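Only one structure is covered here, and it is reproduced in the block below.
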Amino acid sequence: MSDEEMSREADVRCTVNGTTHTLRVRPMARLLDVLREDLHLTGTKEGCGEGECGACSVLIDGELVNSCLVPVLQVEGAQVQTIEGVTAGGAELHAVQQAFIECGGAQCGICTPGMVLAAVSLLAHTPQPTDADIRHGLAGNLCRCTGYMKIFDAVVRACERAGVKA
Amino acid sequence: MQTEIVGKPVPRKEGRSKVTGAARYVDDLSMPGMLYGATVRSPVARGRIRAVTFGEGIPWDEFVVVTAKDIPGENAVALILLDQPYLADGFVNHAEEPVLLLAHEDKHLLERARRAVTVDIEPLPAVFTLEESLAGKEIVWGEDNVFKTYLVDKGDVDEVWAQPDLLIVEGEYSTGAQEQLYIETNGVIAVANAAEGVTVWGSMQCPYYVHKALLKLFALPPERVRVVQCETGGGFGGKEEYPSMIGGHAALLSWKAGGRPVKIIYDRAEDMVATTKRHPSLTRHRTAVTREGKLVAMDIEFVVDGGAYATLSAVVLSRGTIHAAGPYTCPNVRVRSRAVATNVPPHGAFRGFGAPQSIFALERQLDKVAGAVGLSPAEFRRRNFIREGETTATGQVIREPVDMAGLLDRAFELTDYEAKRERFARENAENNSTQKRGIGFASFMHGAGFTGSGEDYLKSIVGAEADAEGRVRVLAASTEIGQGTNTIFAQIASNALGLDYDLVEMAQPDTGNVPDSGPTVASRTCMIVGKLVESAAVGLRQTLQGAGLLTEEYTQDGWREACRQYVERYGALKSFSQYKPPPGVHWDDEKYQGDAYGAYAWAVYVAEVTVDTLTYETRVDDFVAVQEVGKVVHPILAAGQIEGGVAQAIGFTLYENVVWQDGRMINNQMTNYVMPTSADLPPIRVHFEEQPYQYGPAGGAKGIGELPMDGGAPAILNAIEQATGVRFTHVPLMPEALMRGLNENR
Amino acid sequence: MRAYLPDYHLRAPKTLSDALELLAREPGMWRAFAGGTDLMVLLEFGALKHKNFLSIRHLPELRGIEVTPEHVTLGALTSYTEIQRDADVRREFPLLCAAARETGGIAIQNRGTLGGNVVNASPAADSPPALLVYDAELELVSASGTRRVAYRDFHTGYKQMDMRPDELLRSIRLPRTTGDLHTYYRKVGTRKAQAISKICFAAGARLASDGRIRDARIGLGSVAPTVVRCARTEDVLRDQTPDEATIKAACASLVQEIVPIDDMRSTAEYRARVAANLLADFLSTLKIDGGKSDSA
């Protein structure tokens with residue numbers, strides 16, 4: 001029985017935004033809740049709880065995932081990046097964040113953290129995306145305010161900037 | 001000093017906090033000792049509560065339990081009527097009606113407990129559609145199921161039908177419910193006890209609506225109740241009236257728990273199944289037109305389904321009624337409208353507020369009338385567009401220059417409409433492609449501000465204050481819900497004072513600190529409240545000048561110095577401004593005649609579609625939105641409003657179908673209630689014409705928030721009619737219905 | 001979240017053999033948990049009936065894409081993203097790539113697995129119709145050994161399958177014999193991305209030099225209690241030229257062969273008609289590709 005009892009909580013070691021944590025958690029707890037409640041990283045939002053809206057998007061080992069669909073046990077040994085980790089420590093915004101402000105990509109802001117991470121992930125895999133790439137790459141992140149047009153503008157501006165820098 | 005701030009795309013005030021995830025929404029807040037609250041709801045649509053039983057295996061003594069008996073004041077959500085209870089007391093009138101509240105510090109155990117409560121109800125016959133309600137299948141509200149009726153009567157339509165040489169065209173149109181689907185669900189935190197009164201923090205559009213409701217619920221004086229808006233993740237009307245309900249629930253739980261904070265956050269399923277949606281509607285048109293294509297009479301019957309309680313249905317009906325005859329001149333117009341009761345969760349505010357429903361019907365009907373006369377839809381409208389000096393259905397004389405034909409020309413030029421219309425007609429007839437093309441448009445207007453005398457009753461107030469460093473804070477209860485309130489108010493105030501944008505900020509909407517500038521609804525924030533912001537700001541300047549501290553011409557440093565001296569000598573520098581109607585505006589509530597709105601935005605929207613005859617799916621390929629909205633305060637925010645509204649309109653038209661079963665939404669998941677993704681929408685091309693409105697702020701701004709919801713559905717269905725030859729009359733037009741339509745017409 | 005978390009167990013056995021041993025020791029006690037994109041949704045709604053799960057996501061034996069002269073074998077944990085990124089799969093199994101690309105959004109594609117899609121046994125799943133067309137074979141492992149099942153025989157009823165509680169799906173094997181099939185894939189959801197299919201249609205066929213159809217294969221989702229391979233309609237097509245009469249006969253057969261239902265997402269009538277339309281469209285593309293360029 002002790003084996004079974006022990007399985008109800010587990011220690012999970014992972015790195016979140018560059019900091020290593022050992023978390024005592026229920027293994028089936030959603031990564032979303034652990035980030036928000038245990039680590040107080042409330043930038044990750046819940047929109048639907050079923051992997052449909054993308055508001056809870058984070059990067060695990062560089063890949064975009066819905067943190068509402070990830071049981072925390074499965075981030076053992078992983079690198080997790082949330083919106084709080086996008087502005088790498090300093091005050092300077094990521095090019096995507098800056099472009100979202102300039103182009104009107106954020107309105108109510110609740111989808112924005114997930115959308116920014118989806119855009120960051122898109123540009124990491126496809127530095128010069130076509131319009132179709134952008135539409136496909138962001139299709140798992142629902143926005144009810146913008147009609148997406150200003151978000152597309154922001155992604156284009158962010159990669160123009162990156163292009164200039166490179 | 002920055003002088004030309006209006007019309008500039010300054011950065012959104014709270015943009016940085018939103019893109020970094022630092023912005024704090026209500027679910028991001030936590031308080032010591034906080035409990036979580038949950039709502040036990042009715043499993044049936046209508047009936048008598050026989051018993052509530054608490055199941056086994058739950059430590060019930062650990063739970064806070066609230067029933068109707070625990071309510072200190074009146075068990076009614078104060079809005080227009082007092083017919084909707086906070087908690088059902090003996091009787092339920094819709095599925096998912098709140099019956100009982102629970103709170104516990106462990107939210108997982110709370111959920112288990114919620115499921116362990118059984119509400120035993122003796123079911124009674126119910127009505128689920130407006131047709132059933134109209135037919136009096138069962139009387140479920142008042143004496144006749146009718147919440148409200150209006151009659152707009154211009155000229156004499158009954159005189160017209162018998163006249164010779166007129167064409168009479170009839171049509172019937174209907175629209176379905178639509179979920180607002182803000183991505184942040186409804187949520188609040190409340191702290192309430194007899195000693196300290198009631199405080200509610202939450203996601204909301206209208207703090208003073210919640211305030212008013214809590215006064216009644218707790219029988220407290222205004223100063224003992226405080227409502228604070230947190231960062232709000234979208235509203236679209238869905239957080240206009242509902243926060244009064246959920247805010248009251250959390251406060252009741254906290255009150256019973258002796259003042260421990262209680263947080264209630266709905267999950268998506270609960271938010272969709274239990275909260276308000278756009279009113280379903282039915283419109284019947286009978287139109288008389290000369291053979292030359294001049295409108296002679298429009299007889300319109302407009303009905304909306306209000307759901308189980310009155311809530312805002314009367315006001316939604318009013319706006320739908322006034323917009324039902326559109327931007328056309330017609331000597332004889334009658335609009336008879338009704339809001340009726342059904343046993344579904346109350347329908348409520350949603351962007352457009354009745355106008356998208358009645359405008360959909362009108363703009364479909366006019367394409368039909370044009371066809372009957374033998375004119376193109378465009379030519380027919382050109383012959384009937386309203387012009388300056390002419391009167392609307394309510395007899396309002398249009399006193400501004402209005403150029404609907406010019407907007408139409410511009411929209412057609414941007415879309416190459418005429419050439420495409422011709423080409424699609426030819427190609428659809430000639431080839432056997434499974435892809436059918438069409439292009440269509442809608443022309444319409446949307447009134448800004450409250451209808452009729454609404455703004456007179458509201459008497460909104462805005463304040464402005466300046467500190468010793470010359471920083472200006474705008475004090476208003478108007479909320480930032482994504483649309484840009486913070487930014488445009490700061491622009492308007494800084495423009496009025498000739499100060500840098502960065503020198504102006506918004507106070508958090510908190511009824512303990514800001515005056516009641518009215519609800520954040522009805523496309524009124526920029527035009528009505530913005531004007532008050534402007535005059536409150538000007539009041540600061542006049543105070544400084546009156547005190548001899550500021551010269552007529554001044555620099556920003558001069559401003560700062562004047563503020564410093566003023567605060568030193570006299571203390572706080574504040575100024576308040578209250579709404580007064582522009583001169584010459586009259587409205588008759590009895591006859592429903594007069595100046596329905598201070599100003600209108602005017603628009604022509606064009607949609608281009610492809611219908612796939614293999615799958616019966618419609619893709620919108622291009623969408624052009626041309627509108628005249630007065631002075632554009634912020635071009636990016638304004639365009640963002642239009643694009644977002646058009647996207648919601650496209651959803652309303654082709655994607656978003658509420659599936660009902662026995663009065664309950666059964667597809668209450670984002671997976672099954674389908675809104676458009678980034679892969680679904682066309683380019684949305686937005687063009688503004690600016691005709692300054694003399695009583696608007698910042699050189700003549702009008703309202704735009706709701707406008708873009710109005711034109712999409714008719715423009716798209718008009719385009720689909722060209723593509724398929726089928727005259728569809730209902731939205732949402734799902735592929736299944738399109739298939740049936742094609743089959744029946746072949 | 002509507003689930004009561006303390007009720008749920010999730011363990012991560014260190015090795016595949018540990019996992020198989022646990023499954024064998026108490027058959028039915030534990031179930032496999034891979035990407036979680038289906039199970040976590042049920043958990044959210046408090047509808048996840050089974051309580052004890054083994055996380056298998058980290059087990060290397062269930063990962064990877066292996067190519068031999070005869071087969072491409074995809075580990076059960078192959079994600080939709082990995083499917084799309086693999087050059088061999090892209091070249092030889094375009095239907096599977098198309099399905100992977102249209103499953104959920106990017107975040108789902110990164111997390112969801114092909115094996116999970118198979119074992120979750122949803123009739124609306126996106127990749128199974130493609131697997132049916134490709135004559136996929138499943139490799140099931142247990143403590144007592146390994147066995148292979150033809151995928152078309154795997155689903156035996158709604159959410160029923162030929163799989164014991166002590167077994168795990170190890171891999172999905174695709175014969176490399178279909179590279180020259182004319183293929184056709186169409187997922188019909190209400191929207192273009194992030195949709196649950198109302199009909200999922202995958203098909204392949206060859207035209208012989210005489211213009212007759214050889215080897216027609218039709219896989220369909222969301223039209224029956226399981227995904228289905230439409231053998232009777234394939235029989236109707238065999239050795240026929242894809243002319244109007246053949247198309248008509250095939251569509252008539254297809255509508256008889258499937259048993260769609262009305263539900264909150266669509267109607268039986270719509271599903272049947274669209275399935276037939278897509279079949280007709282597929283067959284008419286065959287005609288064009290077969291060298292006759294009339295577009296009727």
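Just so it is clear: chains get the letters A, B, ... in the order the sequence lines come, proteins before strands, and each one is counted from 1. Keep in mind it's a predicted model, so treat the numbers as computed, not measured.
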Classify the angle between the aromatic ring planes of C:Phe53 and C:His50 as parallel (below 30°), tilted (30 to 60°) or perpendicular (above 60°).
perpendicular
Under 4.5 Å to a heavy atom of chain C? For B:Asn431 that would be neither
Contacting region of C:Arg271 [heavy-atom separation from chain B under 4.5 Å]:
neither
Less than 4.0 angstrom from a charged side-chain N to a carboxylate O is my criterion; do B:Arg114 and B:Glu111 meet it?
yes
Backbone of C:Ala193 reached by a side-chain donor or acceptor of C:Lys187 within 3.5 Å:
no
Under 3.5 Å, is there a donor on one side chain and an acceptor on the other for C:Asn110 and C:Thr81?
yes
Would you call B:Asp106-B:Arg112 a salt bridge at under 4.0 Å N-O?
no
Would C:Glu257 and C:Thr233 count as a side chain to side chain donor-acceptor pair (under 3.5 Å) here? Give the steps.
CA-CA 7 Å; C:Glu257 193 166 5; C:Thr233 304; 2.6 Å; yes
Presence of salt bridge, B:Arg268 and C:Glu44, under 4.0 angstrom
no
I'd like to know if the side chain of C:Gln194 reaches the main chain of C:Ile108, judged simply by a donor and an acceptor atom lying under 3.5 Å from each other, with no hydrogens or angles considered.
no
Mind checking which of residues 656-668 of chain B sit less than 4.5 Å from chain C, heavy atom to heavy atom?
B:Val659, B:Ile666, B:Asn667
Between C:Leu278 and C:Val188, is any pair of side-chain heavy atoms under 4.5 Å apart?
yes
Heavy-atom distance under 4.5 Å to chain B: side chain of C:Ala3, backbone, both or neither?
backbone
Quick one: SG on C:Cys97 to CZ on C:Arg101, what's the gap to the nearest 0.5 Å?
10.0 Å
Polar side chain donor-acceptor pair, B:Ser203 to B:Glu184, under 3.5 angstrom
yes
Contact list (residues 673-680 of chain B to chain C, heavy-atom gap under 4.5 Å, by number) returns B:Val674, B:Met675, B:Thr677, B:Ala679, B:Asp680
Of the listed residues (C:Arg191, C:Met264, C:Lys198, C:Lys192), which shares the most heavy-atom pairs with chain B below a 4.5 Å separation?
C:Arg191
Could you check whether any side-chain N or O of C:Lys51 sits under 3.5 Å from a backbone N or O of C:Lys49, counting only pairs where one atom can act as donor and the other as acceptor?
yes
Side chain from CB out, backbone as N, CA, C, O: work out which of these in B:Leu109 comes under 4.5 Å of a heavy atom of chain C, or both, or neither.
both
Please state whether the side chain, the backbone, both or neither of C:Glu269 comes within less than 4.5 Å of a heavy atom of chain B.
both
Is B:Arg619 close to chain C through its backbone or its side chain, or both, or neither, when contacts mean heavy atoms under 4.5 Å?
side chain
One should read off an interatomic distance between B:Gln435 CD and B:Asn428 CG, to the nearest 0.5 angstrom, of 10.5 Å
Top contributor to chain C interface from B:Met734, B:Lys107, B:Gln669, B:Met670 [non-hydrogen pairs under 4.5 Å]
B:Gln669
